[in-house]
Amino acid sequence: MQPLSRYLDSGSSEPLDPRAREALVAAYDAGSGAGYADPLRLHSPARQARLLLDNARAAVAEALGVREDEVTFTASGTAAVHLGVLGLLKGQSRTSRTLVHSAVEHSSVFAAARWWEEHGGARTQVLPVDRTGQVVPPAAADEPAVVAVQQANPEVGTVQPLDAVAAAFRDVPLFVDACAVGARLPLPEHWAAAALSAHKWGGPAGVGVLLVRKGTRWRPPFPTDERVDLRSAGFENVPAALAAAAALQVRVAEREELARRHRTFADRLRRCLATIPDVELHGHPEKRLPHLVSFSCLYVDGEALVTELDRRGFAVASGSACTASALEPSHVLVAMGALTHGNARVTFSPATTEADVDALAAVLPEVVAELRARVDR
Amino acid sequence: MSDAVTPALELDCRGMRCPLPVIKLANRIDEVPVGAVVAVTADDPAARPDIAAWCRMRGQEHLGETAAEDGVPTFLVRRLV
């Protein structure tokens, strides 16, 4: 196992923030927390659990700058995406049934679109992206029911021009997948519904946040139950929601300083990568997430690149087909017209230090050269 | 788009996983003169985007694709450098 600071895959899942861990453990503690109890019952532990859940909701609302009644805890970011996209579609289904989404959305949006085609009897339109991964809003658009565009791309970090998307589609409800941002940026101005994921900001996995703007037509797309919040069926994970809220408060308080530091790291790494021949840097040169660097190395096998870096103590992700469960290359890199093989995505966490980035920059040229030599390039 | 193109070199990359078709193309393109065309037949799904990206990165011309008799795509590349 490498030291935590050389875990450079916070884009997949960030290590639990120590303060979130404290909140999690305290909430499970029967003496002080009662986070185990059912918030809907009438006894004291239940009232205590209800208080914890309300506190978590209030803290999340305050940190995100939204209303408390706009916040729903879900079982994951993906669940929030499915509920957000499909609930908006169901809410608008009398006027239109068409979903428009970008070509670089997370797979959960593509899956929701397929589900809607099967169950809503509707069509989907895909918006293309340019070479940097930015959505190209259409000059003139038909009025779809819902437009889904991410705040930033999880694979290449490009921040999407949501103001331009909202302007192109005027009154159409906009669904924003904000999971990849990990609360590193404030929420965008325009959203009718949005999805976030706690383990991308140092909270526990298994907590997503669905936001539905007050006054938006949203209807439950799936079966529910008798519990209070129609937007999310099932028993809330109170301790995890509390820990997610604690981590979010930390992230929002520290994000500007964190972004400054991570931008320096990213620039350093990008400068190093620019010196290696036949390496393509992905994403927008300026409008990108501060903590993410994605690149592809010509003639290099993505799996070999990840394995070799792991052997040297660095944990990074890859979107190359040879590293995925499917044989298909990354739909994001394909939509951008980018090189899909030999891909690596480096994402920094609060634990990452300048020395770690320098160490990675020092080994990358020789790792790439060594892997190319293996295939006579 | 490819009716008039006769490849000077045909590479059969069926069954090869990424990035091997691109490596084979890069290793063998020097066998044809500048201006001639290499045809790469490859069934790996990454070959389509990656041969196009290789052409862009290496300054070669991507002419498009046809299909071999068995339906496997054949990508046509003109050597420019």
Self-check item: chain A contacts, top residue of B:Asp44, B:Asp50, B:Ile23 (heavy-atom pairs, under 4.5 Å)
Solution: B:Asp50
Self-check item: Close side-chain approach of A:Leu292 and A:Arg345, heavy atoms under 4.5 Å
Solution: yes
Practice problem: Please determine, among B:Leu20, B:Val22, B:Ile51, the option with the most heavy-atom pairs under 4.5 Å with chain A. | Solution: B:Val22
Quiz item: Of the backbone (N, CA, C, O) and the side chain (C-beta and beyond), which part of B:Ala26 lies under 4.5 Å from a heavy atom of chain A, both, or neither?
Solution: both
Quiz item: Within 45° of the axis and under 6.0 Å from the centre of the six-membered ring of A:Tyr299, does NZ or CZ of A:Arg377 qualify?
Solution: yes
Quiz item: Can you say whether B:Arg56 sits under 4.5 Å from chain A via the side chain, the backbone, both, or neither, judging by heavy atoms?
Solution: side chain
Quiz prompt | Contact check, side chains of A:Leu309 and A:Leu364, non-hydrogen atoms, under 4.5 Å | solution = yes
Quiz item: Would the A:Phe175 and A:His101 ring centres measure less than 6.0 Å apart?
Solution: no
